[in-house]
Amino acid sequence: MNDAAQGYKPLGRTGMAARLAQDIPEGWYVNLGIGIPTLVADHIPADREVVVHSENGILGIAAAPEPHKENPWLINASSQRVSLRPGGSFFHHADSFAMVRGGHLDLCVLGGFQVAANGDLANWAHSANEVGRQIGGAMDLAVGAKRVWVVMEHVTKDGQARILRQCSYPLTAAACVSRVYTNLAVLDVTPRGFVVIDMIPGLGFDELQAWTEAPLLRA
Amino acid sequence: MNDAAQGYKPLGRTGMAARLAQDIPEGWYVNLGIGIPTLVADHIPADREVVVHSENGILGIAAAPEPHKENPWLINASSQRVSLRPGGSFFHHADSFAMVRGGHLDLCVLGGFQVAANGDLANWAHSANEVGRQIGGAMDLAVGAKRVWVVMEHVTKDGQARILRQCSYPLTAAACVSRVYTNLAVLDVTPRGFVVIDMIPGLGFDELQAWTEAPLLRA
Amino acid sequence: MIDKFVRSMAEAMAGIRDGATVLIAGFGDVGMPNALLDGLIEQGAGNLTVVVNSAGRVHKPGAATQGIARLIELGRVRKVITSFVRAQSIAGDWVRDGRMEAEVVPQGTLAERIRAAGAGVPAFFTPTGAGTLVAEGKEVRSYNGRPCILEEALPGDVALVEAWMADRWGNLVFRDASRNFNPIMAMAGALTVVQTHHVCDVGQLPANEIVTPGIFVDRVLHVAAGDPKLTR
Amino acid sequence: MIDKFVRSMAEAMAGIRDGATVLIAGFGDVGMPNALLDGLIEQGAGNLTVVVNSAGRVHKPGAATQGIARLIELGRVRKVITSFVRAQSIAGDWVRDGRMEAEVVPQGTLAERIRAAGAGVPAFFTPTGAGTLVAEGKEVRSYNGRPCILEEALPGDVALVEAWMADRWGNLVFRDASRNFNPIMAMAGALTVVQTHHVCDVGQLPANEIVTPGIFVDRVLHVAAGDPKLTR
């Protein structure tokens with residue numbers, strides 16, 4: 001994805017997080033997964049009341065604290081020190097996942113390895129035989145939240161497609177993703193497949209399709 | 001059970017509660033059911049730390065408050081106003097029954113209609129067709145507590161036996177009772193059947209057996 | 001700005017439909033959302049399934065009825081799911097006459113089914129009720145050598161809740177034994193409506209002391225209801 | 001007088017046996033009972049099944065190990081039940097070499113299984129993990145049109161817990177995000193051992209603010225452990 005040669009500049013991690021943050025309306029309860037999703041918290045305007053949930057028992061996470069104002073007892077699910085909005089609350093892990101699994105979150109934002117045209121998500125392992133198994137809360141979130149948005153690079157570091165007809169990695173959950181934010185585009189998962197609802201400036205539909213294994217539809 | 005003619009005086013409700021209270025050691029977590037069991041709280045010496053649980057979300061119930069010191073927000077499972085020991089706590093109904101059903105209570109004291117020689121308890125209805133069904137927390141307590149003691153009159157108002165070979169009323173739980181306190185005696189439920197471990201003064205073993213359908217054994 | 005406060009009972013009750021399952025918190029008169037119950041009576045929804053710890057106290061002929069008993073007496077309740085039906089209550093009369101259905105369940109199973117609904121657990125096994133009338137028609141399976149029965153989650157279309165203090169995010173705390181069914185019913189209601197004795201600013205309730213986080217709450221009405229009455 | 005305080009680590013660890021299932025609370029370094037974990041290492045019990053959110057962080061060759069990783073490295077852990085095994089961790093190495101078994105489960109399922117053990121629920125259905133590797137060998141049943149899998153309770157012979165304040169009845173409160181797994185593991189341990197930063201008198205913790213009532217606690221050791229470290 002050589003941006004100089006191609007006349008468009010893929011978003012960076014911060015750019016993807018900021019793009020996604022735009023679309024979260026006031027009043028939503030939102031869980032932000034590990035990785036790029038965590039950055040989303042820093043891009044929600046301070047005057048827009050979005051209540052950010054963290055699996056380790058927190059509602060109301062605010063932007064990262066200034067270095068000298070850190071609270072060592074207050075970390076997010078990525079083990080980063082965070083701050084709390086007025087109105088925030090603490091609860092234990094079973095209550096925290098009751099929120100997740102009981103359908104109380106309006107949205108969860110997850111990182112992804114692969115997303116399929118039917119909304120299948122793979123984001124925790126590259127094969128069934130891998131020793132490393134980092135499931136964390138992703139399966140609970142993918143099944144439990146009202147909406148699942150995935151944010152990830154459009155292709156792998158070595159150029160392999162991640163937006164697929166079918167996932168080849170072990171699933172996190174079936175048919176759970178409703179939208180994908182990548183460094184190139186925003187795609188809705190619909191009964192007809194992926195629909196492109198936004199692209200970065202300078203990128204054409206055909207170029208996007210070239211980076212994508214699954215067939216894309218115009219909005 | 002004409003006590004004057006028979007040379008012994010059956011215990012009253014208070015007497016039964018006081019007799020049972022003697023046997024609760026310090027440090028036990030105890031639920032006291034509706035009726036005579038509720039009276040037990042008033043007979044635990046103030047200096048003996050027994051932690052009384054109430055289904056409606058309380059640990060640490062103390063004796064009944066003086067009339068002008070009542071707290072309208074603090075009632076026990078019998079809807080009577082009670083007081084709280086220092087160290088007491090409040091929690092919601094699912095947490096309260098987690099204590100009950102998770103095996104965390106050392107003892108529950110229940111009222112009874114009938115107890116059978118194998119420890120079966122019937123205490124919520126007189127027939128399967130009754131409109132009134134007052135189950136409350138009894139089934140949870142009978143199954144969940146480490147020990148179940150029943151306190152009840154030895155016979156019904158019209159002289160029918162309640163200590164039986166087999167219950168005729170709908171069960172609360174099977175094989176759950178370990179001890180029965182009546183107005184005449186204290187009986188242990190053992191693999192061999194009921195064993196008499198205490199009788200009121202003046203009452204003979206044969207007289208007790210005459211009031212009892214199930215066969216009794218001497219301690 | 002998130003603001004879950006509603007300004008009228010009509011707003012609090014808006015959209016509750018005929019046929020709804022309504023979870024009603026409280027134990028005795030403590031933690032009972034009496035004002036919302038009156039509001040529901042006024043609002044008019046019928047054919048309700050009501051989930052409540054007790055279907056009402058003993059009724060003395062000629063005495064005025066209120067709360068659950070009044071809702072039943074007005075013919076608005078199709079079915080009650082509860083741990084107590086008293087023979088000599090309005091509920092008992094209606095069940096006896098076949099005008100209302102009653103599902104009487106152990107109180108702990110009632111609480112756990114409600115909590116399960118809020119937590120996304122569709123069904124669970126429990127030893128409570130095994131070998132009793134409560135087990136009729138239910139799947140039985142043995143765990144740790146004990147028979148257990150399969151019980152299903154009990155979600156509400158609406159939950160009526162009473163809180164001691166609330167803020168505009170819907171964060172709640174409860175006073176003493178009034179907590180009882182309130183937090184779990186708040187979790188299990190698709191629409192959770194709260195009456196609160198007191199209103200406070202966002203941030204005033206310490207984050208470590210909030211019992212019901214606002215995520216479980218949809219509407220809050222300020223009702224200075226006074227102390228619970230002593231009821232039997 | 002009820003007094004759950006113990007005066008030494010030896011007393012805190014007394015009776016923990018080879019083959020025990022040990023629940024270890026904490027998320028990252030926050031709410032992690034590090035002193036008790038050191039005590040367990042010292043105490044010597046082996047062949048353990050350890051239940052913990054994460055089986056340990058990425059290990060740099062040559063760096064000192066501590067906590068869960070140290071327990072594993074000493075060969076004391078037969079099996080870990082967790083939501084994270086990192087390939088480049090001590091746990092990853094031991095799993096790869098077949099010297100330790102790992103059951104990796106979704107974090108919410110882990111929490112719910114622990115809570116179920118404490119609440120007397122032997123098994124429950126959940127949609128989490130259905131259709132994935134996690135579902136292998138598990139019973140599947142459909143609820144509300146979704147496939148759900150049957151998960152069993154996860155009780156501990158021992159639970160190791162970290163509290164912020166405790167009294168002699170074993171009542172506990174937690175500081176901020178250190179609550180995490182602590183209250184549910186306290187419920188699920190047959191023997192629940194607590195390390196607390198602070199000690200207070202019975203009655204000092206307000207009844208409405210106690211998070212873990214003493215009924216779930218067996219032993220409390222006062223350990224002024226200081227602030228959690230920043231760990232990744």
Side-chain angles (χ1 to χ4, degrees), chain A residues 34 54-58 61 70-82 84 88-103 120-122 124-144 167 169-176, chain D residues 25 27-31 53-54 57 82-89 91-93 95-96 102 104-112 114-116 118 126-134 146-147 164 174-185 187 211-212 226-232:
Chain A
I34 294 175
S54 187
E55 296 95 294
N56 55 324
I58 314 173
I61 285 181
E70 288 178 340
N71 171 357
W73 299 84
L74 181 45
I75 61 170
N76 65 13
S78 304
S79 287
Q80 297 164 332
R81 289 181 181 167
V82 292
L84 196 72
S89 53
F90 298 108
F91 32 84
H92 64 54
H93 242 85
D95 281 349
S96 181
F97 278 94
M99 294 174 192
V100 173
R101 294 153 63 110
D120 285 0
L121 170 65
W124 66 280
H126 299 81
S127 89
N129 304 318
E130 215 168 346
V131 163
R133 289 193 165 197
Q134 304 197 37
I135 298 178
M139 288 189 184
D140 307 289
L141 285 159
V143 165
C167 294
Y169 294 165
L171 290 193
T172 303
C176 61
Chain D
F27 188 100
D29 200 50
V30 177
N53 182 58
S54 163
R57 61 193 70 114
T82 184
S83 81
F84 285 102
V85 170
R86 294 185 172 82
Q88 306 307 324
S89 65
D93 291 344
V95 170
R96 193 177 293 106
V104 185
V105 301
Q107 198 170 123
T109 294
L110 185 68
E112 190 69 18
I114 294 165
R115 189 254 170 207
T126 176
T128 296
T132 77
L133 292 177
V134 164
R146 307 177 88 176
W164 178 241
F174 305 92
R175 183 165 171 179
D176 300 351
S178 77
R179 192 177 304 191
N180 58 61
F181 281 93
N182 282 292
I184 55 172
M185 287 189 171
M187 289 171 70
V211 173
T212 292
D227 285 345
K229 292 188 287 286
L230 194 59
T231 60
R232 297 302 301 279

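So that the names make sense, note that chain A is the first sequence line, chain B the second, and so on, each numbered from 1.
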Taking the side chain as every heavy atom from C-beta outward, state whether Arg146(D) and Val143(A) have any atom pair closer than 4.5 Å.
yes
All side chain to side chain contact (heavy atoms under 4.5 Å, CB included) counterparts of Val82(A), not counting sequence neighbours:
Ile61(A), Leu74(A), Asn76(A)
Can you give me the closest heavy-atom contact between Asn71(A) and Asp176(D), atom names plus distance?
ND2-OD2, 2.8 Å
Nearest heavy-atom approach of Asp140(A) to Gln107(D) is OD2-N, 3.4 Å
Side chain, backbone, both or neither: which part of Ala94(A) has a heavy atom under 4.5 Å from chain D?
both
Would you say that Leu133(D) contacts Arg133(A) through its side chain, given a criterion of any heavy-atom pair below 4.5 Å between the two side chains?
yes
Between CZ on residue Arg179(D) and CG on residue Asn56(A), distance to nearest 0.5 Å:
12.0 Å
Does the ring center of His93(A) lie less than 6.0 Å from the ring center of Phe27(D)?
yes
Those residues at least two apart in sequence (or on a different chain) that pass salt bridge (Lys or Arg N to Asp or Glu O under 4.0 Å) with Arg96(D) are Asp93(D)
Nearest-0.5 Å distance that lies between atom CD1 in Ile114(D) and atom NE2 in His92(A)
11.0 Å
Of the backbone (N, CA, C, O) and the side chain (C-beta and beyond), which part of Ser89(A) lies under 4.5 Å from a heavy atom of chain D, both, or neither?
neither
Return the OG1 to CH2 distance between Thr132(D) and Trp124(A), rounded to the nearest 0.5 Å.
6.5 Å
I'd like to verify something: which residue of Gly88(A), Ala77(A), Ala173(A) has the highest number of heavy-atom pairs under 4.5 Å with chain D?
Ala77(A)
Looking at Val211(D), Thr126(D), Asn182(D), which one has more heavy-atom pairs under 4.5 Å with chain A than the rest?
Thr126(D)
Could you state the interatomic distance from CE (Met139(A)) to OG1 (Thr128(D)), rounded to the nearest 0.5 Å?
9.0 Å
Of all heavy-atom pairs between Gly28(D) and Ser79(A), which one has the smallest distance, and what is that distance?
CA-OG, 3.9 Å
Between Phe90(A) and chain D, with a heavy-atom cut-off of 4.5 Å, which part of the residue counts as in contact: side chain, backbone, both or neither?
both
Is there a side-chain contact between Trp73(A) and Asp227(D) (heavy atoms, below 4.5 Å)?
yes
Contact winner vs chain A - Asn53(D), Val134(D), Val85(D), heavy-atom pairs under 4.5 Å
Val85(D)
For Ala177(D) and Ile58(A), the nearest pair of non-hydrogen atoms, with its separation, is CB-CD1, 3.8 Å
Could you check whether Thr109(D) and Arg101(A), counting side-chain N and O atoms only, form a donor-acceptor pair closer than 3.5 Å?
yes
